[in-house]
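Start at 1 and go down the list; that is how both ligands and their atoms are numbered.
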Amino acid sequence: MPSPILVTGGTGTLGRLVVPRLRDAGCDVRVLSRRSREGGEGIEFVAGDLATGEGIEAAVAGTEIIVHCAGTAKGDEDKTRNLVRAASRAGARHLVYISVVGADRIPVVSGIDRAMFGYFGSKRAAEELIADSGLPWTTLRATQFHDAILLTVRQLARLPVLPVPAGFRFQPVDPGEVAARLVELALGTPAGLVPDLGGPRVYEMAALVRGYLRARGTYRPIVPVWVPGRAARALRAGANLAPDRAVGRRTWEDFLAARVSSPSHSSSGPR
Ligand SMILES: NC(=O)c1ccc[n+]([C@@H]2O[C@H](COP(=O)([O-])OP(=O)(O)OC[C@H]3O[C@@H](n4cnc5c(N)ncnc54)[C@H](OP(=O)(O)O)[C@@H]3O)[C@@H](O)[C@H]2O)c1
């Protein structure tokens with residue numbers, strides 16, 4: 001029987017789009033999650049915590065391919081270190097990692113860099129752990145997912161006046177498109193660092209916020225805020241963008257049309 005493919009973070013925004021695509025490709029899937037859950041046809045859940053290391057041995061046992069989608073705002077290098085250790089012991093033959101565009105270009109040096117953009121430093125450290133692991137590996141860097149941008153603008157939109165970092169731009173990408181690419185990579189041969197995956201268009205952050213407010217049929221004043229530090233400067237210079245790799249197809253507008261409705265159109269639908 002072929003060994004299952006382990007998907008860490010298979011319950012998250014990206015991972016839960018990876019799992020059905022692997023199933024469609026005929027693979028059995030094992031999902032690592034901190035909470036135990038019921039499996040399904042060809043899908044098995046294993047409870048484990050990458051931060052503590054608990055349950056990881058069982059999760060990697062008998063798997064040859066690992067798609068590492070588990071991640072949080074902080075500490076991805078520690079989670080990755082624990083996974084790499086267990087995967088090496090288990091003799092995995094392909095570790096596929098999802099990183100972020102800018103991981104190598106956004107310097108995280110000062111306290112303010114770390115407080116606001118430590119995520120990029122963690123992703124870079126995790127990338128290096130994987131590249132140095134001795135395991136065959138593939139890493140894909142993607143720009144911010146639509147869902148992550150939506151979460152941010154929704155939080156901002158709760159305020160009467162919206163402080164938006166001046167000069168920041170984003171290139172939102174559909175996580176379904178990222179998931180499809182990860183599956184393609186997981187089923188191929190280990191390829192090292194592959195070309196970035198960026199969304200189809202680059203937007204000023206204020207434009208993303210305005211698009212959301214328009215979709216909600218509402219208005220709020222936006223105030224540009226200057227963010228200090230070297231990481232913020234790198235973002236203003238576009239270090240988080242991949243304009244040469246704008247290969248995603250689904251736009252922010254398409255996403256908003258599907259996910260956000262104006263209260264005048266619906267009283268109970270998605271927000
Ligand atoms: N969001 C973006 O815009 C973006 C852009 C580029 C790259 N990425 C990368 O893509 C990956 C997935 O992002 P996402 O937005 O899909 O994340 P998400 O929706 O927040 O999901 C996070 C996943 O990580 C798992 N997880 C968190 N801590 C864990 C731990 N200690 N042990 C085991 N599992 C743990 C969670 O599983 P349980 O809660 O079930 O345990 C969940 O499935 C991350 O590596 C992220 O850095 C994200």
Review point. Relative to the ring of Trp252, is the ring of Phe255 parallel (under 30°), tilted (30 to 60°) or perpendicular (over 60°)?
Key: parallel
Specify the protein heavy atom at minimum distance from [atom]: its residue, its atom name, and the distance to 0.1 Å.
atom	value
atom 45 (O) of ligand 1	Lys123 NZ, 2.7 Å
atom 11 (C) of ligand 1	Cys69 O, 3.2 Å
atom 37 (O) of ligand 1	Thr11 OG1, 3.1 Å
atom 7 (C) of ligand 1	Ser99 O, 3.3 Å
atom 10 (O) of ligand 1	Ile98 CG2, 3.5 Å
atom 27 (C) of ligand 1	Arg34 NH2, 3.3 Å

Atoms in ligand 1 flagged as close to [X], the criterion being non-hydrogen separation under 4.0 Å:
X	result
Asp49	30 (C), 31 (N), 32 (N)
Leu50	30 (C), 31 (N), 32 (N), 33 (C)
Ser33	38 (P), 40 (O), 41 (O)
Gly12	16 (O), 19 (O), 21 (O), 42 (C), 43 (O)
Leu14	10 (O), 16 (O)
Ala70	24 (O), 25 (C), 26 (N), 34 (N), 35 (C), 45 (O)
Ala51	31 (N)
Arg37	40 (O)

Check your understanding: Looking at ligand 1, does Tyr97 have a heavy atom less than 4.0 Å from it?
Key -> no
Review point. Under 3.5 Å, N or O to N or O, is Ala142 touching ligand 1 that way?
Key: no
Exercise for review: Check the side chains of Glu127 and Thr139 for a donor-acceptor pair under 3.5 angstrom, ignoring hydrogens and angles.
Suggested key: no
Practice item. Indicate whether any N or O donor in one side chain lies under 3.5 Å from an N or O acceptor in the other, for Lys79 and Thr8. Key: no
Shortest non-hydrogen separation from [X] to [Y] and the atoms involved:
X	Y	value
Thr143	Ala242	CG2-N, 4.3 Å
Ala92	Ile66	CB-CD1, 4.0 Å
Ala87	Leu135	CB-CD1, 3.8 Å

Point to revise | Within 6.0 Å of CD in Gln155, more than 12 heavy atoms from elsewhere | key: yes
Practice item. Name the option, out of Phe120, Phe145, Phe170, that contains the heavy atom nearest to atom 2 (C) of ligand 1. Key: Phe145
Practice item. Please examine the side chains of Leu156 and Met205, heavy atoms only from C-beta on, and report whether any two atoms are closer than 4.5 Å. Key: yes
